[in-house]
*Asks:* 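To start, I am sharing the structure in question, which I have written as structure tokens.
When reading the values below, keep in mind they use all heavy atoms of this one structure, side chains included, and skip hydrogens, waters and symmetry mates.
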Amino acid sequence: METNMSKANNVKRVLVPIQFDQESERLLRYAGFFAKALGAELLLLHVTQTAELTYTQQYRAIQALRMLAERALQQLSGNAFLQFECAVRPGSLKSSIKTVVQDYGVDLVLMQPCPTPAEEQAKDSHAATVMGLLECPVLVAPATMQFRDLKHLVFGTDFTDRDPQVIKRIASFAGQAGARLTLVQVYSKEDRSQLCNLKSAMKEVETLLQGRNVDLLLLEEEDTLEGISEFSEKAAADMLVMATRDSYLMERLFSKAYVKTLAYHTRIPLLTFRQHKKKPCSGCCANCQKKAAVQQTIDAIQIIGTQA
């Protein structure tokens, strides 16, 4: 039975970007089944890619969204009624989505890795850009995937660098979906000396999630993403969950290197939560690059000041 705190963390409204193409229609069908499984409603967002939007243009776009939704959602089994709203905004998805999420109280964004034309994308994965803008979770579904019941979720985590509130939100999501949750930390041979600390941290997480349908596991592999992907495939996971602080991980997860090899995490939905990490990363992420650039500027100014 869900606690009041768990219900407070439930996903109630899911935003789906729509561009009136076949990919968006497939995504909308997926979103319908997904929202039904969670007992949530949908918010369909269309951005016009224009600087301005007249009332007539907005009205016509909203009507087109409604027609598309009614056609796509007819496939829901049991003829279940699914609530949805429509929103139309000028500009790009990147410029509009943060405000729409705030105005409509969106709990989760559901999209494909590349839902907009290639010329609009500053990065290979537009979903990575969107995830970097939002505090709410972003769910990325493979373009050709059909919805399947969420029975087992795998959460790739770091037990020693955790946010209890984020972990509880992920566990609440699994509970809302009626799924089992497995928390997995991948560590390398170099980390064997820290195994005692890892086990101790894992015990603390186990206590935090006591009473929930969860499993916890430590897995030794050299590459974190490959280890998580292989474990997810063996465990027949229906969704991979990650908690990260910026878009770097999303970009790597959907990089061409992984897509070409059809790694398991590119064939199942990927759900990302925003978490402010305490540990320093490898230095490849956008945050680290910005910090490094700022520090270089500060150092240069100090050098000039010293020479003056």
*Asks:* Among residues at least two apart in sequence or on other chains, which ones pass salt bridge (charged side-chain N to carboxylate O under 4.0 Å, His left out) with D215?
*Replies:* R180
*Asks:* Using side-chain heavy atoms (C-beta onward) and a distance below 4.5 Å, is V241 in contact with F173?
*Replies:* no
*Asks:* Scan residues 228-239 for pairs that pass salt bridge (charged side-chain N to carboxylate O under 4.0 Å, His left out), counting only residues two or more places apart or in two chains.
*Replies:* R148-D238, E233-R267
*Asks:* Taking salt bridge (charged side-chain N to carboxylate O under 4.0 Å, His left out) as the definition, give me every residue that meets it alongside R26, ordered by chain and number, with sequence neighbours left out.
*Replies:* E23
*Asks:* Pairs in or reaching into residues 51-69: which pass salt bridge (charged side-chain N to carboxylate O under 4.0 Å, His left out), with residues at least two apart or in two chains?
*Replies:* none
*Asks:* Check T50 against P90 and note the closest heavy-atom contact, atom names and distance.
*Replies:* O-CB, 3.4 Å
*Asks:* Taking only residues two or more places apart in sequence, or in another chain, which ones meet L195 in a side-chain contact (heavy atoms from CB on, under 4.5 Å)?
*Replies:* Y187, L198, K199, L218
*Asks:* Could you pull out the closest heavy-atom pair between L240 and I228, with the gap in Å?
*Replies:* CD1-CG2, 3.4 Å
*Asks:* Can you name the side chain to side chain donor-acceptor pair (under 3.5 Å) partners of N213, sequence neighbours left out?
*Replies:* none
*Asks:* Does anything in residues 139-171 form a ring pair (Phe, Tyr, Trp, His ring centres under 6.0 Å)? List the pairs, not counting sequence neighbours.
*Replies:* Y30-F147
*Asks:* Could you list the residues that satisfy side-chain contact (heavy atoms from CB on, under 4.5 Å) with E204, not counting sequence neighbours?
*Replies:* R162, S200
*Asks:* Quick check: do K168 and L208 have side-chain heavy atoms less than 4.5 Å from each other?
*Replies:* yes
*Asks:* At their closest point, which heavy atom of A69 faces which heavy atom of L44, and how far apart are they?
*Replies:* CB-CD1, 3.5 Å
*Asks:* Would M111 and V130 count as a side chain to side chain contact (heavy atoms under 4.5 Å, CB included) if you check the C-alpha gap in whole Å, the side-chain angles of each, and the deciding distance to 0.1 Å?
*Replies:* CA-CA 10 Å; M111 58 193 304; V130 169; 3.9 Å; yes
*Asks:* Identify the two heavy atoms, one from G227 and one from L219, that lie closest to each other, and give their separation to 0.1 Å.
*Replies:* O-CD2, 3.8 Å
*Asks:* Quick one: does V47's side chain get under 4.5 Å of S92's, heavy atoms only?
*Replies:* no
*Asks:* Please name all residues satisfying side chain to side chain donor-acceptor pair (under 3.5 Å) with R13, sequence neighbours left out, ordered by chain then number.
*Replies:* E41, E85
*Asks:* Search all heavy atoms of I268 against all heavy atoms of A237 and return the closest pair with its distance.
*Replies:* CG2-O, 3.9 Å
*Asks:* With V109 as reference, evaluate L15, L43, L139 under the side-chain contact (heavy atoms from CB on, under 4.5 Å) test and give the passing residue.
*Replies:* L15
*Asks:* Only counting residues at least two apart or in another chain, list the ones meeting side-chain contact (heavy atoms from CB on, under 4.5 Å) with K203.
*Replies:* E206
*Asks:* F20: which residues meet the ring-ring contact (aromatic ring centres under 6.0 Å, His included) condition with it, sequence neighbours left out?
*Replies:* H46
*Asks:* Strictly distance-based, threshold 3.5 Å: is any side-chain N or O of Q176 a donor or acceptor partner for the main-chain N or O of V11?
*Replies:* yes
*Asks:* Provide the closest heavy-atom pair for T160 versus Q185 in the form atom of the first, atom of the second, distance.
*Replies:* N-OE1, 4.2 Å
*Asks:* Please examine the side chains of L68 and E25, heavy atoms only from C-beta on, and report whether any two atoms are closer than 4.5 Å.
*Replies:* yes
*Asks:* With side chains defined as the heavy atoms from C-beta onward, is the minimum distance between L73 and F84 less than 4.5 Å?
*Replies:* yes
*Asks:* Residues in side-chain contact (heavy atoms from CB on, under 4.5 Å) with D163, at least two apart?
*Replies:* Q165, V166, Q275
*Asks:* Any side-chain donor paired with an acceptor under 3.5 Å for D191 and Q194?
*Replies:* no
*Asks:* Tell me, do S172 and R212 make a side-chain contact under 4.5 Å, heavy atoms counted?
*Replies:* yes
*Asks:* May I ask you to test the L38-L108 pair for a side-chain heavy-atom distance under 4.5 Å?
*Replies:* no
